[in-house]
S.K.: 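Quick one: the structure is below, and I'll ask about it shortly.
Labels below follow one simple rule: chain letters A, B, ... track the order of the sequence lines, proteins then strands, and each chain is numbered from 1.
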2 protein chains.
Amino acid sequence: MTLNLMSRYLICVEEQELEGRLRAARVRPTRQRVTVLAALASEEHDATAQEIYARLRESDEPVGLATVYRTLALLTERDVVDELSHHQGESCYRLCSGGHHHHLVCSSCHRVEELAGCELDEWLATASAERGFVPTSHTLEVVGLCERCRTA
Amino acid sequence: MTLNLMSRYLICVEEQELEGRLRAARVRPTRQRVTVLAALASEEHDATAQEIYARLRESDEPVGLATVYRTLALLTERDVVDELSHHQGESCYRLCSGGHHHHLVCSSCHRVEELAGCELDEWLATASAERGFVPTSHTLEVVGLCERCRTA
DNA sequence: ATAATTGCAAAGCGTTTGCACCCTG
DNA sequence: CAGGGTGCAAACGCTTTGCAATTAT
């Protein structure tokens, strides 16, 4: 009972925090958008649009599939969430800390770790310049096996 | 006329070379497979399955769409061609030199340059180990503007 | 009131698959 | 004649879109 109250309180706090993120990105914090973002925040690994839709469908705050897609597209564009493409044919989404970084994805359980600090820019600029290119962006995705899956 | 003979000759030479690549990959060199590979070889940039299908459809050696897909999947698996995913939702294919390398893609004209020599492995191994991961593979794709598109 | 947002269902699009036919070995 | 390869069309799965209803400012 006390725990119940506590978690209810925490959920409220989190929702306010998420609403803040939305406002900061100039995204109107509708019930659906906060719900989608909360689902993403509670996801240990990354999640596809379909997974989020399925999860919310069974909750007490369902959100239409189209809205899930529209929300994720908007949030990706506004850099509130990261879109990963290690899945081929399906996009995965993840709530990340800000700044440029890359991801380490476990091929077995889909656990995702952030790889902070990218030291590629300098090398890329040099190597690209040799071919007349000016790099505008890059994506690096590392696939591997996490400790738990390796020892299991 | 002489030129015609010449190019005909060159085409034969190239086809034999391509057949060799297929045999080396333990892929039976059928007419369709050689045709798909030749289309890829004559492509200045990278190409999607649909593009290759469309091009061959208008040539005198059409190949069914399903066969194009099956061939590209097989050749990718056998490391005869590289599959790039900078397009989101659609895979691009390219005939590459062997060995591990990355790509520089022009966002305007889709020109692709190979970026030889990848110095990421060491850094990745270290950074991954800190999180208990053992990296098995990685993909780096650099998007930029090529010289021609920048000055145009 | 005005403009943005949502849900639903239909359409879109790239890709895969079932199956009969064909060719090669 | 046995087995892989091919073509066609249908099926698939993810994503987008048109539109009317709803909601926020």
S.K.: Taking the side chain as everything from C-beta on, heavy atoms only, tell me whether B:T71 gets closer than 4.5 Å to B:L37.
M.R.: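 When only atoms from C-beta onward are counted, B:L37 and B:T71 do not touch, as no gap falls below 4.5 Å.
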
S.K.: Could you tell me whether the side chains of B:S97 and B:E114 share a donor-acceptor contact shorter than 3.5 Å?
M.R.: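 Distance-only check passes for B:S97 and B:E114.
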
S.K.: Go through DNA chain C in 5' to 3' direction and return only the first and the last nucleotide with some atom under 4.0 Å of chain B's heavy atoms.
M.R.: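 Nucleotide range with atoms under 4.0 Å of chain B: C:dG14 to C:dG18.
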
S.K.: For DNA chain C, determine which residues of residues 20-55 of chain A have any heavy atom closer than 4.0 angstrom to one of its atoms, and list them numerically.
M.R.: A:R28, A:T30, A:R31, A:Q32, A:R33

S.K.: Carefully, step by step, assess A:E43 and A:R94 under the rule salt bridge (Lys or Arg N to Asp or Glu O under 4.0 Å).
M.R.: CA-CA 8 Å; A:E43 199 72 47; A:R94 186 157 197 279; over 6 Å; no

S.K.: Quick one about A:Y93 and A:E51 (side-chain donor to acceptor, distance below 3.5 Å, no hydrogens or angles considered), yes or no?
M.R.: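 No donor-acceptor contact under 3.5 Å links the two side chains.
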
S.K.: Of all residues at least two apart in sequence or in a different chain, which pass the salt bridge (Lys or Arg N to Asp or Glu O under 4.0 Å) check with B:R148?
M.R.: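 Expected list: none.
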
S.K.: Taking the six-membered ring for Trp, are B:H110 and B:H86 closer than 6.0 Å centroid to centroid?
M.R.: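 Yes - the distance between ring centres of B:H110 and B:H86 falls below the 6.0 Å cut-off.
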
S.K.: Looking only at atom types and distance, does a side-chain atom of A:R21 sit under 3.5 Å from a main-chain N or O of A:E17, one as donor and one as acceptor?
M.R.: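 Pair absent, no side-chain N/O of A:R21 close to backbone of A:E17.
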
S.K.: Taking atom types as modelled and ignoring hydrogens, do the side chains of A:S91 and A:E83 form a donor-acceptor contact shorter than 3.5 angstrom?
M.R.: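 Present: a donor and an acceptor within the cut-off.
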
S.K.: Measure the acute angle between the ring planes of A:H102 and A:H138, then classify it against the limits of 30° and 60° as parallel, tilted or perpendicular.
M.R.: tilted

S.K.: Scan residues 82-96 of chain B against DNA chain C and write down, sorted by residue number, each residue with any heavy atom closer than 4.0 Å; if none is found, say none.
M.R.: B:G89, B:E90, B:S91

S.K.: Any residue in residues 58-74 of chain A with a heavy atom nearer than 4.0 angstrom to DNA chain D? Just list them by number, or reply none.
M.R.: A:L65, A:A66, A:Y69, A:R70

S.K.: Say whether, by atom type as modelled, one donor and one acceptor occur between the side chain of B:T67 and the main chain of B:V63 under 3.5 angstrom.
M.R.: no

S.K.: Note down the inter-axis angle between the two ends of the helix from C:dA1-D:dT25 to C:dG25-D:dC1, five pairs each, to the nearest 10°.
M.R.: 30°

S.K.: Just wondering, more than 12 heavy atoms not from B:R57 lying within 6.0 Å of its CZ?
M.R.: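 Result for CZ/B:R57: open.
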
S.K.: Taking all non-hydrogen atoms of both residues, which atom of A:A38 and which atom of A:L18 are closest, and how far apart?
M.R.: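 Between these two residues, the closest heavy atoms are CA-CD1, 3.4 Å.
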
S.K.: Is there a donor-acceptor contact under 3.5 Å from the side chain of A:S107 to the main chain of A:G144?
M.R.: yes

S.K.: Between B:D82 and B:H101, is any side-chain donor less than 3.5 angstrom from a side-chain acceptor?
M.R.: yes

S.K.: Show the nearest heavy-atom pair for residues B:F133 and A:C106, with the distance to one decimal.
M.R.: CE2-N, 3.5 Å

